[in-house]
There are 2 protein chains.
Amino acid sequence: MSGEDNLLKLVEAEEPEDHDYLLQEQVGFILRKAHQRHVSIFAAHIGDLTPPQFAALAKLRDVGETSQNQLGTLIAMDAATVKGVIDRLKARGLVELSKHEVDKRRLLVNLTPEGRDAIERLIPLAREITQETLAPLSAKEIATFTKLLAKLA
Amino acid sequence: MSGEDNLLKLVEAEEPEDHDYLLQEQVGFILRKAHQRHVSIFAAHIGDLTPPQFAALAKLRDVGETSQNQLGTLIAMDAATVKGVIDRLKARGLVELSKHEVDKRRLLVNLTPEGRDAIERLIPLAREITQETLAPLSAKEIATFTKLLAKLA
DNA sequence: TTGATATCATTTGCATACGAATGAGTTTCC
DNA sequence: GGAAACTCATTCGTATGCAAATGATATCAA
């Protein structure tokens, strides 16, 4: 069979290196690429806000006023990262900060009216982003994929 | 039916906000968390190299000497990003740079002997990283997930 | 009550990640 | 042959992302 012959030729070709470790097949590498693709789709739909900034606004809409740290926990950002995100949202007038009356360590974050308007306006676009990200999959595949991805996250 | 009554109560409860957009359910958000988890697992196994740095070394092992840009394409990094990664690998003596004789625009990158030793030594650890990342899934689920993830990436 | 411990926030330092602009070299094509 | 278009690399600016160190405040427990 010439097919097998060709296979042998390929395997034995050139250098004696065994490339049985293939970067393109490792979850971490594919995960990074899938994430990149999603961020790119996000940017195409929502140009003036990053995914983390959007996440902060969306979560504040869900839970209302919270401490900066607590918000970070809810959107999976460490303290240093969430600070930068909130600083930039505050500079744009989308969130406002205040000190917790009782626990003086806490910095409370809340949506401004502009922030609330923004997130309500953006949510329909976010639905499109999710759809476009999942567009390569069928409805059944989407259900399966989402379930398995959630297990990994 | 008390089930329906409870449902109505939930829907009508408190504030008139409809939170039918749930951040935690959006692919982008879960993708970001899954990626974070993988990076964390990677760091626990390979502390002195980042996933992008590892990817660069692993790909150089596969393809041998290439231009910096071409390498970037192979590991999904834009020109600006790959430059930083290669700079740091060069500073540590894991790769070496040279000018392309014919096309003077190109900067050729290759593994040094130290770089080759390093990547050969790290590949077994990388296999463990892949395994641990996928540990929450069964063998069948891993096959399904990997296939679907690849479609998205 | 006070001393150890824990939590919240900030800062610094380093490493991706990417858009945009720039400069140098190469290819295309008329 | 030469101008236009393209490619490779670098630089700048901005935005995550995280470890580690620090300071302020709170909580717990002896």
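All values below were derived from every heavy atom in this structure, side-chain atoms included, with hydrogens, water molecules and symmetry-related copies excluded. Residue numbers start from 1 in every chain, and the chains themselves are labelled A, B, ... in the order their sequence lines are given, proteins ahead of strands.
Place A:V102 and A:A76 on DNA chain D by their nearest nucleotides, and A:A76 ends up nearer the 5' end.
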Original post:
Hey, mind stepping through A:E114 and A:R92 against salt bridge (charged side-chain N to carboxylate O under 4.0 Å, His left out) and telling me if it holds?
Top reply: CA-CA 9 Å; A:E114 294 76 23; A:R92 295 175 52 176; over 6 Å; no
Subject >> Candidate pair B:I119 and B:L60, rule side chain to side chain contact (heavy atoms under 4.5 Å, CB included), full reasoning >> reply: CA-CA 9 Å; B:I119 188 62; B:L60 283 173; over 6 Å; no
**OP:** Go through the steps for B:V27 and A:H38 under the test side chain to side chain contact (heavy atoms under 4.5 Å, CB included), then give the verdict.
**Re:** CA-CA 9 Å; B:V27 225; A:H38 171 260; 5.5 Å; no
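Judged as a side chain to side chain donor-acceptor pair (under 3.5 Å), the pairs with a partner in residues 123-134 of chain A (not counting sequence neighbours) are, in order, A:H45-A:E132, A:R127-B:D20, A:T130-B:Q26. Every pair passing side chain to side chain donor-acceptor pair (under 3.5 Å) that includes a residue from residues 143-153 of chain B is listed here, sequence neighbours excluded: A:E141-B:K151. Sorted by first and then second residue, the pairs that involve residues 77-86 of chain A and meet salt bridge (Lys or Arg N to Asp or Glu O under 4.0 Å), not counting sequence neighbours, are A:K83-A:D87. For residues 24-47 of chain A, the set of pairs meeting the salt bridge (Lys or Arg N to Asp or Glu O under 4.0 Å) definition, not counting sequence neighbours, is empty.
Along DNA chain D, the stretch of nucleotides lying under 4.0 Å from any heavy atom of chain B spans, 5' to 3', D:dT7 to D:dC18.
For the helix from C:dT1-D:dA30 to C:dC30-D:dG1, the axis fitted to the five pairs at one end and the axis fitted to the five pairs at the other end meet at an angle of 20° (nearest 10 degrees).
Panel note: side chain A:T112, backbone A:L94; a donor-acceptor pair is recorded below 3.5 Å. Distance alone, capped at 3.5 Å, places no donor-acceptor pair between the B:T81 side chain and the B:A79 backbone. Formation of a donor-acceptor pair under 3.5 Å by the A:Q53 side chain with backbone atoms of A:T50 is found in this model. In terms of modelled atom types and a separation under 3.5 Å, the side chain of B:Q68 and the main chain of B:I86 share no donor-acceptor contact.
The nearest whole Å value for the distance from the CZ atom in B:R105 to the P atom in C:dG25 is 10 Å. In this structure, B:K99 places its NZ atom 12 Å from P of C:dT26, rounding to the nearest Å. Between B:D103 atom CG and C:dG25 atom C1' there is a gap of 7 Å when expressed in whole angstrom units. Note: CD1 (B:I75) to C1' (C:dA15) measures 14 Å, nearest angstrom.
Below 30°, between 30° and 60°, or above 60°: for B:H35 and A:H35 the angle between ring planes is below 30°, a parallel geometry.
Scanning residues 42-57 of chain A for heavy-atom distances under 4.0 Å to DNA chain C yields an empty list. Listed in residue order, the members of residues 77-90 of chain B having a heavy atom less than 4.0 Å from DNA chain D are B:A79, B:A80, B:K83. Using a 4.0 Å cut-off on heavy atoms, the residues of residues 29-38 of chain B that approach DNA chain D are B:R32, B:Q36, listed by number.
Checked against ring pair (Phe, Tyr, Trp, His ring centres under 6.0 Å), A:F145 has the following partners two or more places apart in sequence or in another chain: B:F145. Partners of B:N110 by side-chain hydrogen bond (donor to acceptor under 3.5 Å, both in side chains), not counting sequence neighbours: none found. Evaluation of the side-chain hydrogen bond (donor to acceptor under 3.5 Å, both in side chains) rule for B:R88 yields no partner, not counting sequence neighbours.
Between A:A58 and B:L23, the shortest heavy-atom distance links the atoms CB-CD1, 4.4 Å.
OP1 or OP2 of C:dT10 has at least one side-chain nitrogen or oxygen of A:Q68 nearer than 4.0 Å.
Across all strands shown, A:S40 has no heavy atoms under 4.0 Å from either base or sugar-phosphate atoms.
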